[in-house]
Amino acid sequence: MRDLPSATVRTRVTVPLRFGDGYTVTGELVTFHGLADGQEHVAVVLGEPGPNPLVRLHSECLTGDVFGSARCDCGPQLREAVERIADRGGVLLYLRQEGRGIGLCNKLDAYALQDQGLDTYEANAALGLPEDGRDYTAAAQMLGALGIDALDLLSNNPDKAGQLRDLGLTVTDRVPTGVFTTAQNVRYLRAKVVHTQHTLPVTELTELTERAERAGLAELTERTELTELTELTELTELTELTAG
């Protein structure tokens, strides 16, 4: 267990939230002083958190969260997390760790390499960057400042739970998120299983990845009207698979 410097709450403000599908909820946004990495992370307190709240550590993804990119599952995961946490009571930590910690420009450089055949982790490595450079020390500090020392973690990523435990928090349970597939992200999702043991249905993702590669989806645009693309999209888009 690491001895962490304490963070303190800077500002708490109530903000009504509205998502693209019409879902609305009121959250309390909290900022902090004294975070170890000096970044402007924010906590979103939703519902009525109990003694063992539901918590998600959500790394910033401009392309997915804001622009709705279908190359990842970040936007749908964020939307799902807000509703699930609001229903139960808990906290979403929005962490400024774009591209698994490599930054936005490097992430787009990695996208270009993925278009040449590398997976998301291989692309980071080819750029001389870590496969996953995220550190959750600031997240642990934020939870401490909010008085949370035990939680259920909403995540498919075992590294998040492991890091929080090493930082002194009690992760009572790791609750899987939904799995949000599109024709463009199945290879990305499968890579998360292979490289970092995410809790995702690898068999289904492998089959979908093989279909996508056979159809040559990387070379097709959203305006393509080929029959096989339409059929594959219907199989993959907006499909929510339960983990495990």
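Treat the numbers as computed from the prediction; the structure is a model and nothing was measured.
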Atom [atom1] in [X], atom [atom2] in [Y]: separation rounded to 0.5 Å?
X: Arg88; Y: Leu46; atom1: CZ; atom2: CG; value: 13.0 Å
X: Phe19; Y: Thr24; atom1: CZ; atom2: OG1; value: 10.0 Å
X: Lys160; Y: Leu154; atom1: NZ; atom2: CG; value: 8.5 Å
X: Tyr136; Y: Gln97; atom1: OH; atom2: CD; value: 5.5 Å
X: Ser59; Y: Asn157; atom1: OG; atom2: CG; value: 9.0 Å

*Apply the test salt bridge (Lys or Arg N to Asp or Glu O under 4.0 Å) to residues Asp115 and Arg71: give CA-CA distance (whole Å), side-chain angles for both, the deciding distance (0.1 Å), then the verdict.*
CA-CA 11 Å; Asp115 289 343; Arg71 292 182 66 142; 3.2 Å; yes
*Gln77 versus Arg56, side-chain donor and acceptor atoms under 3.5 Å*: yes
Can you tell if the side chain of [X] reaches within under 4.5 Å of the side chain of [Y], non-hydrogen atoms only?
X: Val171; Y: Val55; answer: no
X: Arg134; Y: Leu95; answer: no
X: Glu80; Y: Thr177; answer: yes
X: Asn52; Y: Thr170; answer: no

*Name the one of Val91, Thr14, Leu29 that satisfies side chain to side chain contact (heavy atoms under 4.5 Å, CB included) with Val45?*
Val91
